[in-house]
Amino acid sequence: MKKIVLGISGGISFLIFLILLFTTNALGHSQLSQTVAERWSSKKNASQVSCFFSVGSGITEDAIIDFEHTVDSALTDASVVQESENPGARLWADTYSADGTVSISSDKASITADAIGIGGDFFLFHPLKLLNGAYFSGNDLMQDYCVIDEDAAWQLFGSNDVAGMMVYIGGVPHIVTGVVERPKGHLAEAAGLDSTLVYVSYQTLEQLGTSHGINHYEIVMPNPVTGFAVNYIREKLGTEEKETEIVENTTRYSLLSRLKLLTQFGLRSMNGKAIIYPYWENIARGYEDILTLLTLFGILFLAYPTGLALVFFCIWWRHRGWTMRDVRLKLMDKAERAVEKRREDRRKRHKGISEKEGASEDSEYDDVVYEDSTFWEEPEPKGRLKGKRKAPEEKDRKPADEKRSARREERLRKKQEKKLAKAQRREKKDKTGGEL
């Protein structure tokens, strides 16, 4: 009964471990801002890297543009070429952004909101849920576009169906291309999404709002060998260590990364860098902590059934009715039987061939006509024997098959004697307590 209870509890513990394992994987893949590489390349050979800069790092838009000009040559040197036949296909994509504030107004109201000035394909990396309209790109020639959240839409227009409407930022008209849903929940609010937020071009934020400078850069690019992308960006774009933090997003939720984070428990909250993380990185770090905690629980729930399995195995091993020597002898016996069977099959095949050859030789003389008991000759159609030949004398010889049978019986007799000797030695060893 005790074994049954332990077995059931071990099974339940293992089931909980599986549930935690699937839950952690599902939560990791649910973070769209961290899975751009999976969406970018179906071959799973791309890497997403994020860079975060301090306010005084000195990263400018020109520095980003200069870096972008080196990426293609670096990929060419690494023998990475575009294989798609689509003329518009790209090997990589990137975005940069800055935090700040803007004053935005409509014909009905005016508000001051937190703003993110974007350049490049920001919404490729952060596909926020659209309630109305569409995104815009930081690469557009016209920079008079903006995307607002639903809170700003209601304050400015009293509705969230406002795509195509006109707003004014610093007195300059801008077109609202879309309205997005702001992520909700305790984690999102703690990450910085607790107030109205609008998305404008980087130029708009710099010229018409209050900007803290470029402090985020993200790129998705081919990763021909492990660490190629993150090492290249760290070498070409990283400034001083205390002014920059570089994160490899593609593997940040992997099991190995979570286990590594467990070893850094107590040190993660210590930050000696003057970096303010954007809301999406704060959310990602929060999920890292949650998944690491679930991983720890999963390890504990896996340790219990694993320990039970080891105990049951040790008990079974101690009470087994055989030894490794018995297994070895049994395997050797099976091998000898297999070899003997192959030999027997080979002898049977040779015997069948010999019988066929003997039958064919006898058939050559079936039509011979003997004129008397001393001479014989072959019929003319055969064309082989001309004249008369003396009939062969019959000799009293033992057939070849009987000789083979005698040899086989002799081998079997010797084999039986060896087996009998082994059994006698084993019996004697058991009686003497293992000492011959």
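Both backbone and side-chain heavy atoms feed into the values below; hydrogens, waters and symmetry mates do not. Nothing fancy with the numbering, it's 1 onward along the sequence.
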Output yes when a side-chain donor or acceptor of [X] lies under 3.5 Å from a complementary backbone atom of [Y], and no otherwise.
{"X": "Ser106", "Y": "Leu156", "result": "yes"}
{"X": "Ser211", "Y": "Glu206", "result": "no"}
{"X": "Gln48", "Y": "Ser33", "result": "yes"}
{"X": "Ser50", "Y": "Val247", "result": "no"}

Would you mind reporting whether [Y] and [X] have side-chain heavy atoms less than 4.5 Å apart?
{"X": "Leu296", "Y": "Arg258", "result": "no"}
{"X": "Val162", "Y": "Ile148", "result": "yes"}
{"X": "Leu261", "Y": "Glu288", "result": "yes"}
{"X": "Tyr199", "Y": "Ser97", "result": "no"}
{"X": "Val220", "Y": "Ser47", "result": "no"}
{"X": "Gln203", "Y": "Glu61", "result": "yes"}
{"X": "Leu255", "Y": "Thr295", "result": "yes"}
{"X": "Asn215", "Y": "Ile276", "result": "no"}

Can you name the nearest heavy-atom pair linking [X] to [Y], along with the distance?
{"X": "Val200", "Y": "Phe136", "answer": "C-CZ, 3.8 Å"}
{"X": "Thr60", "Y": "Ile214", "answer": "C-CD1, 3.7 Å"}
{"X": "Ala93", "Y": "Trp40", "answer": "CB-CH2, 3.7 Å"}
{"X": "Leu130", "Y": "Gly133", "answer": "CD1-O, 3.7 Å"}
{"X": "Pro224", "Y": "Val80", "answer": "CG-CG2, 3.8 Å"}
{"X": "Gly10", "Y": "Leu308", "answer": "CA-CD1, 3.9 Å"}

What's the spacing between [X] [atom1] and [Y] [atom2] if we round to 0.5 Å?
{"X": "Leu75", "Y": "Trp92", "atom1": "CG", "atom2": "CH2", "result": "8.5 Å"}
{"X": "Ser254", "Y": "Leu291", "atom1": "OG", "atom2": "CG", "result": "10.5 Å"}
{"X": "Tyr232", "Y": "Phe228", "atom1": "OH", "atom2": "CZ", "result": "7.5 Å"}
{"X": "Leu6", "Y": "Ser13", "atom1": "CG", "atom2": "OG", "result": "12.0 Å"}
{"X": "Gln31", "Y": "Arg252", "atom1": "CD", "atom2": "CZ", "result": "9.5 Å"}
{"X": "Ser137", "Y": "Asp140", "atom1": "OG", "atom2": "CG", "result": "5.0 Å"}

Counting only heavy atoms from other residues, nucleotides and ligands, does the tally under 6.0 Å from [atom1] of [X] exceed 12?
{"X": "Phe297", "atom1": "CZ", "answer": "no"}
{"X": "Lys341", "atom1": "NZ", "answer": "no"}
{"X": "Tyr304", "atom1": "OH", "answer": "yes"}
{"X": "Arg39", "atom1": "CZ", "answer": "yes"}
{"X": "Asp66", "atom1": "CG", "answer": "yes"}

Under 4.0 Å between a Lys/Arg side-chain N and an Asp/Glu carboxylate O for [X] and [Y]?
{"X": "Glu344", "Y": "Arg347", "answer": "yes"}
{"X": "Glu409", "Y": "Arg413", "answer": "no"}
{"X": "Lys260", "Y": "Glu248", "answer": "no"}
{"X": "Arg337", "Y": "Asp333", "answer": "yes"}

- prompt: For Val339 and Glu336, what are the C-alpha separation, side-chain angles and deciding distance, and is it a side chain to side chain contact (heavy atoms under 4.5 Å, CB included)?
  reply: CA-CA 5 Å; Val339 172; Glu336 291 176 359; 5.7 Å; no
List the atom pairs, donor and acceptor, that lie under 3.5 Å between side-chain atoms in residues 187-198 and the rest of the protein, sequence neighbours left out.
from   : atom 1 : to     : atom 2 : distance (Å)
Ser195 : OG     : Asp114 : OD2    : 2.7
Thr196 : OG1    : Asp151 : OD2    : 2.5
Thr196 : OG1    : Gln155 : NE2    : 3.2

Donor-acceptor pairs under 3.5 angstrom involving side-chain atoms of residues 117-129: please list them, not counting sequence neighbours.
from   : atom 1 : to     : atom 2 : distance (Å)
Asp121 : OD2    : Arg90  : NH1    : 2.9
Asp121 : OD2    : Arg90  : NH2    : 3.4
His126 : NE2    : Glu218 : OE1    : 2.8
His126 : NE2    : Glu218 : OE2    : 3.3

query: Taking the six-membered ring where the residue is Trp, are the ring centres of Phe67 and Tyr217 under 6.0 Å apart?
result: yes
Ring centroid separation Tyr253 to Tyr287 under 6.0 Å: no
- prompt: Step by step, would you call Leu259 with Ile299 a side chain to side chain contact (heavy atoms under 4.5 Å, CB included)?
  reply: CA-CA 10 Å; Leu259 294 176; Ile299 292 174; 3.7 Å; yes
field: Pair Leu294-Leu27, side chain to side chain contact (heavy atoms under 4.5 Å, CB included): steps then yes or no
entry: CA-CA 11 Å; Leu294 292 178; Leu27 286 176; 4.1 Å; yes
Scan the side chains in residues 166-180 for donor-acceptor partners under 3.5 Å anywhere in the protein, sequence neighbours excluded, and list what turns up.
from   : atom 1 : to     : atom 2 : distance (Å)
His174 : ND1    : Val172 : O      : 3.0
His174 : NE2    : Thr204 : OG1    : 3.2
Thr177 : OG1    : Ala134 : O      : 3.0
Thr177 : OG1    : Cys146 : O      : 3.3

field: No-hydrogen, no-angle side-chain donor-acceptor test under 3.5 Å, Asn160 and Asn132
entry: no
query: Quick one: which of Tyr277, Trp280, Tyr202 gives a ring-ring contact (aromatic ring centres under 6.0 Å, His included) with His216?
result: Trp280
task: Can you spot which of Leu237, Asn231, Val49 makes a side-chain contact (heavy atoms from CB on, under 4.5 Å) with Ile246?
output: Val49
task: For side chain to side chain contact (heavy atoms under 4.5 Å, CB included), just list the numbers for Ile116 and Asp99, CA-CA rounded to whole Å, side-chain angles, deciding distance to a tenth of an Å, and then say yes or no.
output: CA-CA 5 Å; Ile116 296 180; Asp99 294 328; 4.0 Å; yes
